[in-house]
Amino acid sequence: ASIANQTFSMINSVQITEKNAEPEITLLTYLRRSLGLTGTKLGCAEGGCGACTVMVSKYHPHQNRIIHHAVNACLAPLCSLHHCAVTTVDGIGSVASKLHPVQERIAKAHGSQCGFCTPGIVMSMYALLRNNPRPSMHDIQEAFQGNLCRCTGYRPILEGYRTFTKDGGCCGGKGQTNGCCMTNGHIQEHVNDSTTLQAQKLYDQSEFMPLDPTQEIIFPPELMVLSKQPQRELRFVGERVLWIQPYSLKELLELKATYPNAKLVVGNTEVGIEMKFKNLLYPVILAPAYIPELNIIQHTQDGKRVIYLKGCFCLSMLFDGLKQILFVTVKKLPAHQTEVFEAVLEQLRWFAGQQIRNVAVCFVSLPEVKNSFIEVNGLENDWEKRVLEMDEKFFPGYRKTILKSEEILLSIEIPYTRKYFSAFKQSPRKEDDIAIVTCGMNVLFKEKSNIVQSIRISYGGMAPVTVLATATCNRQWNEELLEQACTSLAEEMSLSPSAPGGMVTYRRTLTISLFYKFFLTVQHKLALDLRMEVFNTVFSTLTQSRVCKILLSSKIKAVPPGHNNDDVVGHPIMHLSALKHATGEAIYCDDIPCYENELHLALVTSIKAQALIKSIDTSDAMAVPGVVAFISAKDIPGSNLTGPVVYDETVFADDKVTCVGHIVGAIVADTQAHAQRAAKDVKISYEELQPVIVTIQDAIANKSFYQPVRSIERGDVAQGFKDSDHILHGKMHIGGQEQFYLETNCTLAVPRGEDGEMELFVSTQSASKTQALVAKALGVPANRVVCRVKRMGGGFGGKESRSTILSTVVAVAAHTVKRPVRCMLDRDEDMLVTGGRHPFFGHYKVGYMNNGRVMALDVTFYSNAGNSLDLSLSVSRALFHMDNSYNIPNIHGTGYMCKTNLPSNSAFRGFGGPQGMMIAESWMSDVALSCGLPAEEVRRMNMYKEGDFTPFNQRLDQFTIDRCWEECMQLSDFNKRKEAVEQYNRSEKFLDIKLINTIESLCSLNAQAGALVHVYSDGSVLLTHGGTEMGQGLHTKMVQVASKTLGIPCSKIHITETSTNTVPNTSPTAASASSDLNGMAIYNACQTLLQRLQPYKDKNPKGCWEDWVTAYFDRVNLSANGFYKTPDLGYDFDTNSGRPFNYFSYGVAVSEVEIDCLTGSHKNLHTSIVMDVGKSLNPALDIGQVEGGFMQGLGLFTLEELRYSPDGYLYTRGPGMYKIPSFGDIPIELKVSLLRDTPNEKAIFSSKAVGEPPLFLAASVFYAIKDAIIAARAESGLTGPFRLDSPATPERIRNACEDKFTKLCPPADPGTFTPWAVQV
């Protein structure tokens, strides 16, 4: 047969022919670098975030239909797209021409903040609508399982796209007395299916363009014609890899015989990850996706086996096929015979995200279906087939099967269930997560009895291979069997305390807990079948999952009544870049077109936490094609010392490394792939040093602290303890958190060729600090370096100081090679080198009265600062929050910054405040529990009042937390909800509710800002200020401020970027203060302009703006600088005097959760939030910040866990292992209200900062979980305070719910083993 060597495809209806395509090039790289289609973004490079989602359409001749799939472009090989049509976000609509309704609705519903994830979400929704123009909300939630967003909190995205659904768009005129909900002034929301609330709209649905499926881009007819013709084998020879795409089973078997070690690739979801992140090389790849014989799903009629799966069937098609067979073909079968298929469907729902399921194939992804049969085919013995049972021998080792190297998997046969079957999966996050433990269980009884004939139990996650537990038969299915089985499982399912993956006690407990669930399920079904009595009455709660319908925001208080419509301040104006976000036209740092002679950079980092560098061998690296240079400390023309506050870091490690991920050097090459490949070939020899200090406990033991040690004290603490009725002690550890901005750190450095000038395009929150540190490294004055920031794809504090570690390296490289150099870190690199939120450890001593009144507190904080000081002094702000909202008359707090061998931790939304308040709520919770009083009563009793003084002696003015409290009680219907919870817990012990309040102080180290306003002769206004746009809507608010001040429409005002050559010496965009500072600076500049124009307005009072700016012809300066500094700020720790904060923000939240005591999983049922943001500049943006901050806090306190080895190596380096909240984690019912009539005279137009304060309100979820655990522990006779560290992961929840199962799996004694991971 003839062989072809070129791909033919269509991208956005444009014909693309690629001859000799490189097998290692992904579709994403090709789109961005070869075609310049930068709307599709790189977020993780492992298919875990969805930012790169595109739609791939292809015609299947054997199915005679066109299939549209959302796929991850970062994984899809270019070679795999032969005869496919690819549609990207750039191809469905644009701001300049016409938006697609999918793009319009996410933008106008305020579902885009930083916008980096938006193109991927748009394309997931677009692909869904191409397949199903009237989806349900369930369909939408499933479509988004593979998409992540770090900014919005997901609610506005779902709410905007609900308008496409058959049950969520329009009320049909039935829901309101004054007409259709799409045209009147309200949106109808249903709460608990019984009451309705009127929510003031943040957008007008009647403005949305209708979706017309007939107007979509058709599948190219020429591709359909080509797909129907006889196909030729495709063969592509790359630098390192040979890609072969056969079109018949015979060709595939011949190739497998020729290349027995070749990898079979369909979706590249596994091999692509191994080659990129594990540095593995597979020289030959066979792509069997287009072989007709391997794309069939059918069922047999022999009464034994129903499902017959061919080997290349992708999981989403398997899912659809199984549903079709279940609901149509085998619906007449008894339910027990189809239980296995139901279980497969349920497990597929939670396997990866939709984009992965659309390309991953079943022979890779269904190894847990026991009693199934594998049909394999080989070239030996004249195409002999053999059938293998998937039993305990099928997996001889980790990721190994008993298939011979020349064999291929032809099909999988799944048998009918013989009676009772269940499958379980437990993972940290429900959606798109890798299992901690999985299991499949099947039991067969003797006819018409409860005597066990045979039982099979298999577990994944308990060994390198799937393990089968042995079981005793000929026993009755009763409590005696349960007791024996649990004891047997505890002995049999043992794990080394050092087992990879950690969580040993939890995993062992899960094996028993999941069997107990299975036992109860079978017991219940036996009772129905044999009409026996069920001895256990908690079956329903323990075994059945609840189908959750998200109610979204049932009440949003936004624009106050009577607001002047001409006044843009206070109106929910859409983010000015939202439409560009949705079309992919918004330009981020890496979207800037490549310069003609541009090079790419990859970092070379340390693999040791504490060591001397003995030698660096770059010979292999320099031999990689395209490599230009290796850059290290010797290439720095200026100073190697760097750091945001003190110069205790180096641009490149010179003779010593102090953490894993310490930057030692960099490779510069012609492409990113060559640079990264060469960087892995650099060989560094080390001399390891001791001690290696990783954890806070290590630092305490070695007295490894940065100075100064800070403390705050008020009152007489010793006397306070003497006067107290009771004293309790407690401890709490709060884990760190990765910022996980969707756009990783990126810098493009362009040397200008004269006088040492250099231009930097950087994704940073601190343009001036970047300018200063780059100038220092280059040995030039700051005026030779210009730093420009268009926008960031998220920041959250992570790009305030740590972005400079990359910018300085790239600038030095560009200076050395005298060419533009670009580097955008991959997700794993970014997470490795940049650090995150500081882990905290606190221990406290609390004195309190019988009625719960706290009299004295002594608390000590330890923060894990890492290997440099960075901004850890600012994170000591935790001391200012050690009281949260509670007036403690006698209080003392001390804060230590631990010096460890981890990458330096840095700023992250809250700057230590959430950690300090979290520990405050821990001791408050302990006090309430010890007193036996309702926690909300004890909190309210201890709360501050107007005019009280804080421990740092600042008076509380305009104190609104009491109002927030009352409104939140009403908004959540707290008393009724609490009564229902108590009733529920009396019968089923799972539920709890918690009310948490927060007082957040706002400050900035450099509380000053500048602005520059140009008015052009045509009346248009160019606005520049010192703040950077990272999704928080700062530019939008600043345009609103200028619009109100100048009295002109927002459409006349434009902001291009933030740059150091327009506004110098800017403060970092951080600490939630940017609207306050820059807004006042803009107001100052605009007032100057108005004063200059006043004579012209007086002369022509009926004129318009364009008339007045003719002052230019009278030589009036129409350009003005503005400046603002926050007055009277300053604090002295030695005297405990001064005014550290300008004002305070307040908020209250109520959350209700349900926990599963057997697995540790929890569901967020309800959250109500009332937030004081003063007079909101933009309610839509502020509500977005409240919801986004809350969800980020939800991750911090319940989900996100950074896991380090004892040697300081970070395991969790991407979305595969590090889980941020997803669409499915938002509360089923969410209510947000902005407090009315609370003007703040200390900020621009009476507003308040809103970025950081809402994050801590997610602690209400954590403490609701803790209260639910208390109810569960009471069932086991356990009472009183107990320690629950943050985050409240399923592991911690399950281990805290101590019962007879946990007692069967005691943890190993500390010090007797080396753990896989440590709590840093």
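Values in this document were obtained by computation on a predicted structure and should not be read as measured data.
One N or O on the side chain of Asn358 and one on the backbone of Ala70 form a donor-acceptor pair closer than 3.5 Å. Looking at Ser577, its side chain never comes within 3.5 Å of a backbone N or O of Lys580 through a donor-acceptor pair. Using a distance-only test at 3.5 Å, with no hydrogens or angles considered, a donor-acceptor pair links the side chain of Asn1178 to the main chain of Leu1181. Using modelled atom types, no side-chain atom of Gln113 and backbone atom of Cys149 make a donor-acceptor pair closer than 3.5 Å. In this structure, Glu1029 contributes its side chain and Gly1031 its backbone to a donor-acceptor pair below 3.5 Å. The closest donor-acceptor contact from the side chain of Thr1036 to the backbone of Leu576 lies under 3.5 Å. Here the side chain of Glu743 pairs a donor or acceptor atom with the backbone of Gly793 at under 3.5 angstrom. Between the side chain of Arg150 and the main chain of Gln739, a donor-acceptor pair closer than 3.5 Å is present.
The distance between the ring centers of Phe796 and Tyr741 does not fall below 6.0 angstrom. In summary, the aromatic rings of Tyr126 and His100 are positioned with their centroids under 6.0 Å apart.
Atom OG1 in Thr165 sits 13.5 Å away from atom NE2 in His138 (nearest 0.5 Å). Taking OG1 from Thr118 and CD1 from Ile106, the interatomic distance works out to 5.0 Å, rounded to the nearest 0.5 Å.
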For residues 1215-1222, please give each side-chain donor-acceptor pair under 3.5 Å, one per line with the distance, not counting sequence neighbours.
unit_1	atom_1	unit_2	atom_2	d
Tyr1218	OH	Glu738	N	2.9
Tyr1218	OH	Glu1200	OE1	2.5
Lys1219	NZ	Asp432	O	2.9
Lys1219	NZ	Pro1215	O	2.7
Ser1222	OG	Glu431	OE1	3.1
Ser1222	OG	Asp1225	OD2	3.2

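Ion pairing between a basic and an acidic side chain is recognised when a charged N comes within 4.0 Å of a carboxylate O; Asp590 and Lys41 show no such pairing. A salt bridge links Arg32 with Asp591: at least one charged nitrogen is closer than 4.0 Å to a carboxylate oxygen. Taking 4.0 Å as the cut-off between side-chain N and carboxylate O, Lys425 and Asp433 do not count as a salt-bridged pair.
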query: Hey, mind stepping through Gln355 and Asn147 against side-chain hydrogen bond (donor to acceptor under 3.5 Å, both in side chains) and telling me if it holds?
result: CA-CA 9 Å; Gln355 296 92 323; Asn147 291 87; 3.1 Å; yes

query: Could you walk me through whether Asp204 and Lys108 pass the salt bridge (charged side-chain N to carboxylate O under 4.0 Å, His left out) check?
result: CA-CA 8 Å; Asp204 187 353; Lys108 291 186 176 179; over 6 Å; no

query: Would Arg155 and Glu1187 satisfy salt bridge (charged side-chain N to carboxylate O under 4.0 Å, His left out), going step by step from the backbone distance to the final call?
result: CA-CA 8 Å; Arg155 192 273 315 164; Glu1187 294 172 341; 2.9 Å; yes

message: Run His82 and Thr7 through side-chain hydrogen bond (donor to acceptor under 3.5 Å, both in side chains) and show every step you take.
response: CA-CA 5 Å; His82 188 53; Thr7 63; 5.5 Å; no

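Between Leu202 and Ile1183, some side-chain heavy-atom pair lies under the 4.5 Å cut-off.
A cation-pi geometry, defined here as NZ or CZ lying under 6.0 Å from the six-membered ring centre and within 45° of its normal, does not hold between Arg357 and Phe351.
The aromatic rings of Phe144 and Phe1223 lie parallel to each other, with less than 30° between the two planes, well short of the 60° mark.
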